[in-house]
Protein chains: 2
Amino acid sequence: MSSKLTERQQQVLDCIREFQSDTGMAPTRAEIADRMGFQSKNAASDHLRALERKGYIKLHSDRSRGIQLLDNAYWSDEELPIVGKVAAGVPIEAIENVERTVPVPQGLFKQRPTYLLKVQGDSMIDAGIFDGDLIAVRKSNVARSGEIVVARIDEEVTVKTLRLNKSSATLLPANEAYEPIKVPADQLVIEGIFVGLIRDPNSF
Amino acid sequence: MSSKLTERQQQVLDCIREFQSDTGMAPTRAEIADRMGFQSKNAASDHLRALERKGYIKLHSDRSRGIQLLDNAYWSDEELPIVGKVAAGVPIEAIENVERTVPVPQGLFKQRPTYLLKVQGDSMIDAGIFDGDLIAVRKSNVARSGEIVVARIDEEVTVKTLRLNKSSATLLPANEAYEPIKVPADQLVIEGIFVGLIRDPNSF
DNA sequence: AATAACACTGTTCATATTATCAGTAGTCAT
DNA sequence: ATGACTACTGATAATATGAACAGTGTTATT
């Protein structure tokens, strides 16, 4: 049972999460005040007390950076857009493509997704990604070799495993029925990185 | 590129991970010394410097608890046994059942697995668990409703979703071809909790 | 209209924490 | 046998940080 947060409190909670994600440690009162634009550290203190009272964090008293995010802190839903078919040349996040939004618990995935993409086709079936699955994607225009990426080739968007060589990139399907796609490194457009998968067997 | 750690340094790294897992924050030098049994805080400092130099952590200077675990820190492998067929009545971790061990990166899963179990059968196929998959299991004799568990019924070990009612438990398969199994709560033996899945398409 | 909760500014003080210096020993490679 | 790294003890100084107190307005609820 945790009461609802005010908008400002939610912002502070997000701020703490982001700081932790960036630096690997929880922020101090001063650092929260800095990021949030407060003139006084005590503004941050007040918010922390509120967040603790409402059950989102635990404060370890007299401990530096003693802010512990509780499970609740991660279960504040964020509405993510589901992107379906993507029109040629249109940025993937264009509002026209948004079918609907679904609440996704933050922290469900290690990397925070930017949007959800409904998988079409079975080219990644051996990687456990089925037709109709929702994959969580973090928007990014770079990726490392071995990562599963959302890439654009000739106005078409696909999900494949990225393999980077010296001068070229290969998009690897995970299905024997499909062939790898070799692309010159400078022609490859990465849309995002696969950071998680959501399968709801009752969604059909 | 990160050089190898000494046994002691590995222990200190484990100590930091555990502390962070317990409290949600990185330990101070004093707390490391305390947990490790050092008389001097500087022993911890020395180890931290070594761990940073070898690329396992990042130290944020002049910052309290400014220890950031880098990816490398999680990639220190732990050898986990793979349990295959389980003889009737024999504890699941009995050495006779160990087929082989594989290095599993710690921190790959949020919950640290105790052993790996090779899935036999397709009763959980709708949950994305296929025949031949390795599932990472955390040994536990209790579980919450809704969790996927490794349970023993009549000398047979199965993987199912656990559904707890008032007085009885139901083991739910994720495959229409199989029927749910109802078990009196006091007869159910939980072996462990499903904490992750490893699928290697090249392992066949 | 009163009260509580929210959302801050600004200051002071105690203490938590890091950094650094000075040692002691053991191991390991050149 | 010499230097580099490991693995510590012990102490002190500098700074980072949390806690507390005294205020000011605003907004939501009864």
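Proteins come first, then strands; the chains are lettered A, B, ... in the order of their sequence lines, and each starts at number 1.
Here the shortest heavy-atom pairing between B:V137 and B:L117 reads CG2-CB, 4.2 Å. Summarising the geometry of A:K182 relative to A:T170, their closest heavy-atom pair is CG-OG1, 4.1 Å, with the distance given to 0.1 Å. Minimum interatomic distance between A:R49 and A:L59 (heavy atoms only, all atoms of both residues): N-CD1, 4.2 Å.
Between A:R8 and A:M36, some side-chain heavy-atom pair lies under the 4.5 Å cut-off.
A close approach under 4.0 Å does occur between a side-chain nitrogen or oxygen of B:Q9 and OP1 or OP2 of D:dA7. Distances shorter than 4.0 Å separate some side-chain N or O of B:K54 from OP1 or OP2 on D:dT6. Checking the phosphate oxygens (OP1, OP2) of C:dT17, no side-chain nitrogen or oxygen of B:R29 falls inside 4.0 Å. For the pair B:R65 and D:dT17, the criterion of a side-chain N or O lying under 4.0 Å from OP1 or OP2 is not met. Applying the 4.0 Å criterion to OP1 and OP2 of D:dG18, one finds that A:H60 has every side-chain N and O outside that range. Look at A:H47 and you won't find any side-chain N or O under 4.0 angstrom from OP1 or OP2 of C:dC6. Listed pair B:R53 / D:dC5 fails the phosphate criterion, with no side-chain N or O lying under 4.0 Å from OP1 or OP2.
Put simply, CD on B:E7 is 15 Å from P on C:dT27, counting in whole angstrom units. Atom-to-atom, CZ of B:R49 to C1' of D:dA4 comes out at 16 Å; the value is rounded to the nearest Å. Rounded to whole Å, atom P of C:dT20 lies 12 Å from atom CG of B:L59. Taking atom CE of residue B:M25 and atom P of nucleotide D:dA16, one finds them 20 Å apart after rounding to whole Å. Separating the CD atom of B:Q39 from the P atom of C:dT24 is a distance of 18 Å, rounded to the nearest angstrom. In this entry the distance linking CZ of B:R8 with P of C:dC28 reads 16 Å, nearest Å. Separating the CD1 atom of B:I32 from the P atom of C:dT17 is a distance of 12 Å, rounded to the nearest angstrom. Rounded to whole Å, the distance from CD1 on B:I16 to P on C:dT17 is 15 Å.
In the interface, the side chain of A:S64 is not paired with the base of D:dG18 through any donor and acceptor atom under 3.5 Å apart. The base of D:dG18 sits within donor-acceptor range of the side chain of A:K41, with an N or O pair under 3.5 Å.
Checking D:dT9, C:dT20, D:dT17 against every side-chain atom of B:S40, the shortest atom distance belongs to D:dT9. Nearest to the side-chain atoms of A:D62 among the listed nucleotides C:dC6, D:dA19, C:dC8 stands D:dA19. Side-chain atoms of A:T28 lie closest to D:dG18 of the nucleotides C:dC6, D:dG18, D:dC8.
Put simply, the side chain of A:R29 never gets that close to the backbone of A:A44: no donor and acceptor are under 3.5 Å apart.
Among the protein residues, A:D46 comes within range of the nucleic acid bases, having at least one heavy atom under 4.0 Å from a base atom. Contact annotation for A:S61: backbone-only contact, meaning every heavy-atom pair under 4.0 Å involves sugar-phosphate atoms and none involves a base.
Nearest-nucleotide positions on DNA chain D place B:F38 closer to the 5' end than the other of B:F38 and A:E31. Nearest-nucleotide assignment on DNA chain D puts the 5′-proximal partner with B:A43, out of B:R63 and B:A43. Take the nearest nucleotide of DNA chain C for A:A50 and for A:N42: the residue whose nucleotide is more 5' is A:A50.
A:R65 pairs with exactly one of A:H60, A:E31, A:Q20 by the side chain to side chain donor-acceptor pair (under 3.5 Å) rule, that one being A:E31.
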